[in-house]
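All figures in this text were calculated on a predicted structure; none of them were measured in a lab.
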There are 2 protein chains.
Amino acid sequence: MSETQAPHKPDANLRSPFPNPDQQTAKKVAQTVERAAKVFADRNLRFTKLRQQVFEEIAATHASIGAYEILARLGEKGTRVAPISIYRAIDALLDAGVIHRLESKNAFFACRRTDHMSKGKRPIFLSCEKCGAVGEVDGQHIFDLIGEAAKSAKFTPRVKFVEVQGLCPRCAGGDS
Amino acid sequence: MSETQAPHKPDANLRSPFPNPDQQTAKKVAQTVERAAKVFADRNLRFTKLRQQVFEEIAATHASIGAYEILARLGEKGTRVAPISIYRAIDALLDAGVIHRLESKNAFFACRRTDHMSKGKRPIFLSCEKCGAVGEVDGQHIFDLIGEAAKSAKFTPRVKFVEVQGLCPRCAGGDS
DNA sequence: CGCGTTATAGTTATAATATAACGACCTGGC
DNA sequence: GCCAGGTCGTTATATTATAACTATAACGCG
Ligand SMILES: [Zn+2]
Ligand SMILES: [Zn+2]
Ligand SMILES: [Zn+2]
Ligand SMILES: [Zn+2]
């Protein structure tokens with residue numbers, strides 16, 4: 001199933017939005033954390049210990065994760081914080097663009113793309129109903145169309161959501 | 001059918017998705033309730049008293065409304081029910097397609113179109129951040145595009161959400 | 001009609017998600 | 001030092017949603 005991959009290090013944005021979870025090693029998470037830290041640094045924001053811990057929990061899975069699930073996992077590791085602290089960290093991570101919120105599930109997931117944090121390539125979210133994995137694919141043309149539809153209704157759009165629930169390639173493949 | 005009526009009564013689907021609230025009279029609500037009752041009858045479902053009461057509260061505003069707000073308004077009118085009863089009624093109304101759920105606000109609003117309850121003209125939702133009004137405009141081509149984008153990611157879509165937050169014509173126009 | 005079956009609703013309790021309010025602390029600049 | 005702004009702790013509460021069980025209403029059928 002793999003697209004013809006470059007021999008060494010393919011652009012993260014060109015890889016499948018639903019990579020094999022085997023690739024989800026601790027090393028991968030550490031790399032993702034480093035990218036997030038750089039985003040915070042570039043924007044003169046503080047990537048505090050709590051924010052990093054919360055981000056690590058979110059980035060440790062390809063599935064979306066709820067605030068209280070993050071709370072529980074941090075608790076198991078000895079970091080006991082109040083819900084409000086989790087939400088404050090989540091807000092900072094959302095503002096920085098390193099995580100996204102899945103409105104239809106009240107849950108969060110780590111952004112694994114680099115092409116829509118600065119440029120204008122807005123992604124749509126694909127959420128698997130079976131394994132919870134969330135993928136992002138470019139949807140700029142879709143958002144453009146939505147903007148036109150809104151305009152035709154004399155509506156001034158500010159925030160647009162496109163979320164799809166269904167089955168990811170592995171879960172749809174029958175080989176579970 | 002029966003669209004061949006008085007020349008001063010345009011098809012509901014052709015009117016603006018954001019009508020003037022002056023039009024939102026009790027009579028209008030009653031008409032909407034009758035349409036909903038017909039949908040239930042046509043599908044051999046029961047439009048029970050509770051479901052009708054809940055629907056009336058939802059239909060009484062062009063804004064989206066939360067389950068507990070419905071609960072409170074019914075309570076003021078002497079109908080005291082438990083939250084679960086509201087949610088059960090909402091589920092039935094959603095299944096029948098006479099209301100929609102706004103995922104990004106955890107709220108509900110009455111469907112005022114007739115062209116996507118039976119046919120394949122799926123709407124996108126436009127939610128005003130100032131007055132709460134929600135409008136629907138056809139977005140079939142948008143959903144088609146979303147389907148293609150999902151397919152290109154080898155994702156099997158089942159449910160698609162498209163929601164836009166912004167300003168409705170009246171709130172954006174400054175003339176309130 | 002009486003009966004079984006199913007859908008609906010009542011009742012109680014609780015789960016899950018999210019925010020308000022206030023004070024402590026830390027950090028950088030003056 | 002002292003202020004200003006941002007972060008976090010602490011406590012309490014608001015908001016949204018469902019579980020589990022009981023009771024009743026509706027309907028088809030013999
Ligand atoms: Zn992203
Ligand atoms: Zn899956
Ligand atoms: Zn509708
Ligand atoms: Zn408005």
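Residues satisfying the ring pair (Phe, Tyr, Trp, His ring centres under 6.0 Å) test with A:Phe143, not counting sequence neighbours, are none. Remark: B:Phe47 pairs with B:Phe40 by the ring pair (Phe, Tyr, Trp, His ring centres under 6.0 Å) rule, at least two apart or across chains. The side-chain contact (heavy atoms from CB on, under 4.5 Å) search around B:Ala149 returns A:Ile124, A:Val137, A:Ile142, not counting sequence neighbours. With sequence neighbours excluded, the residues satisfying side-chain contact (heavy atoms from CB on, under 4.5 Å) with A:Ala150 are A:Phe155, A:Pro157, B:Leu126.
Atoms CZ (B:Phe108) and C1' (D:dT15) sit 13 Å apart, rounded to a whole Å. Put simply, CD1 on A:Ile65 is 14 Å from P on C:dA16, counting in whole angstrom units. B:Leu93 places its CG atom 17 Å from the P atom of C:dA7, with the value rounded to the nearest Å. In this structure, CD of A:Glu69 is placed 17 Å from C1' of C:dA18, rounded to the nearest angstrom. Between A:Ile86 atom CD1 and D:dT10 atom C1' the separation is 15 Å, expressed in whole Å. Residue B:Gln53 contributes atom CD, which lies 14 Å from atom C1' of C:dG10 at whole-angstrom precision. For the pair A:Leu50 CG and D:dT10 P, the interatomic distance rounds to 12 Å; values are reported in whole Å. Separating the CG atom of B:Leu71 from the C1' atom of D:dA17 is a distance of 12 Å, rounded to the nearest angstrom.
Residue B:Ala82 is in base contact, counting any heavy-atom pair closer than 4.0 Å across all strands shown.
Residue pairs that meet the side chain to side chain donor-acceptor pair (under 3.5 Å) test with at least one member in residues 131-143 of chain A, sequence neighbours left out, are A:His100-A:Glu136, A:His116-A:Glu136, A:Gln140-A:Asp144.
Under 4.0 angstrom from either OP1 or OP2 of C:dA9 there lies at least one side-chain N or O belonging to B:Arg51. OP1 or OP2 of C:dA18 has at least one side-chain nitrogen or oxygen of A:Arg101 nearer than 4.0 Å. Here B:Thr48 reaches the OP1 or OP2 of C:dA9: one of its side-chain N or O atoms lies under 4.0 Å away. A:Asn106 has a side-chain polar atom (N or O) that falls below the 4.0 Å cut-off from OP1 or OP2 of C:dA18.
The shortest distance between side-chain heavy atoms of A:Leu45 and A:Asp95 does not fall below 4.5 Å.
Two end axes, each from the C1' atoms of five base pairs, can be drawn for the helix from C:dC1-D:dG30 to C:dC30-D:dG1; they diverge by 20°, to 10 degrees.
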Q. For nucleotides 19-30 of chain C, read 5' to 3', which letter fits each nucleotide if B means a protein heavy atom sits under 4.0 Å from the base, S means only the sugar-phosphate is that close, and - means neither?
A. BBB---------

Only pairs under 3.5 Å count here: list side-chain donor-acceptor contacts from residues 71-91 of chain B, not counting sequence neighbours, and write none if there are none.
from    : atom 1 : to      : atom 2 : distance (Å)
B:Arg73 : NE     : B:Glu69 : OE2    : 2.7
B:Arg73 : NH2    : B:Glu69 : OE2    : 3.1
B:Lys77 : NZ     : B:Glu57 : OE2    : 2.4
B:Thr79 : OG1    : B:Gln53 : NE2    : 3.1

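Under a 4.5 Å side-chain heavy-atom cut-off, the cluster of Ile, Leu, Val, Met, Phe, Trp and Tyr residues that includes A:Val134 is completed by A:Leu102, A:Phe109, A:Phe125.
A side chain to side chain contact (heavy atoms under 4.5 Å, CB included) with B:Pro19 is found for exactly one of B:Arg112, B:Lys28, B:Arg170, B:His62, namely B:His62.
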